[in-house]
Amino acid sequence: MAMTEFIFIEQDAPEEEYTPPPYGKPGRILVEVYDLGGEFEYEILDYDGDSGVFWIQEGEGFDWWIKGHLDLPGEGRYLISDISGDYIRGDGWTTDDDVDWYIGLVTRTELDTLV
């Protein structure tokens, strides 16, 4: 009589599913502004990826968002603080999804990274 041989395959532990941060969790963006002859260019130096700011990058992107929500006074480095949002789900037919963004302070800074 033949014996049945069992082979056990070791499985990796299931990966934890990523949960993005809520829109309402306040965050910061550190941005360098360059004036290219009347047109501004933005370089994002750092941001709080574990806050609602995550959704700015995933949605509109930082450049587009800054142009639409801020009026920065010119060249320099700025810290944009206490950014949070309220997500408004549309009905999928007559209204689109939307986000209302709230911005606390915009200050000039010499920081290279967020601490």
Residues which pass salt bridge (Lys or Arg N to Asp or Glu O under 4.0 Å) with R108, listed by chain and number, not counting sequence neighbours:
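Residues passing salt bridge (Lys or Arg N to Asp or Glu O under 4.0 Å) with R108: none at all.
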Specify the closest pair of heavy atoms between [X] and [Y], including all atoms of both residues, with the distance to one decimal.
{"X": "G74", "Y": "F40", "answer": "CA-CE2, 3.9 Å"}
{"X": "G85", "Y": "V99", "answer": "CA-CG1, 4.3 Å"}
{"X": "G27", "Y": "S51", "answer": "CA-OG, 3.3 Å"}
{"X": "G24", "Y": "S84", "answer": "O-CB, 3.6 Å"}

Pairwise distance [atom1]([X]) to [atom2]([Y]) - rounded to 0.5 angstrom:
{"X": "I88", "Y": "D97", "atom1": "CD1", "atom2": "CG", "value": "9.0 Å"}
{"X": "K25", "Y": "I83", "atom1": "NZ", "atom2": "CD1", "value": "14.0 Å"}
{"X": "W64", "Y": "Q57", "atom1": "CH2", "atom2": "CD", "value": "14.5 Å"}

If only side-chain N and O atoms count, and only distance matters, is there a donor-acceptor pair under 3.5 Å linking D100 with Y87?
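Y87 vs D100: no donor-acceptor pair found between side chains.
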Please lay out, stage by stage, how V31 and I80 fare under the test side-chain contact (heavy atoms from CB on, under 4.5 Å).
CA-CA 8 Å; V31 61; I80 308 161; 3.9 Å; yes
Cluster link [X] to [Y], ILVMFWY, side chain under 4.5 Å:
{"X": "W55", "Y": "Y42", "result": "yes"}
{"X": "L30", "Y": "I44", "result": "no"}
{"X": "F54", "Y": "I56", "result": "yes"}

Within the distance-only criterion (no hydrogens, no angle test), does the side chain of D46 pair as donor or acceptor with the backbone N or O of L114 below 3.5 angstrom?
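Answer holds: yes.
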Do D48 side-chain atoms and R28 backbone N/O form a donor-acceptor pair below 3.5 Å?
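Indeed, once roles are kept as given, a pair shorter than 3.5 Å links the two residues.
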For E32, which residues count as a side-chain contact (heavy atoms from CB on, under 4.5 Å) partner, sequence neighbours excluded?
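E32 satisfies side-chain contact (heavy atoms from CB on, under 4.5 Å) with Y34, E43, L45, R77 once adjacent residues are dropped.
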Could you go step by step and tell me if Y78 and I29 meet the side-chain contact (heavy atoms from CB on, under 4.5 Å) rule?
CA-CA 8 Å; Y78 298 92; I29 300 173; over 6 Å; no
Do E60 and K67 pass the side-chain contact (heavy atoms from CB on, under 4.5 Å) test, and can you show the C-alpha distance, the side-chain angles, and the key distance before you say yes or no?
CA-CA 11 Å; E60 299 173 77; K67 289 176 186 175; over 6 Å; no
Among all residues two or more places apart in sequence or in another chain, which pass the ring-ring contact (aromatic ring centres under 6.0 Å, His included) test with Y47?
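Listed in chain order: F62.
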If you count every heavy atom of other residues, nucleotides or ligands that lies below 6.0 Å from D96 atom CG, does the total exceed 12?
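Atom CG in D96 is not crowded, with 12 or fewer foreign heavy atoms closer than 6.0 Å.
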Using the ring of each side chain (for Trp, its six-membered ring), is W101 parallel, tilted or perpendicular to Y23, with breaks at 30° and 60°?
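Because their plane-to-plane angle lies in the 30° to 60° range, the rings of W101 and Y23 count as tilted.
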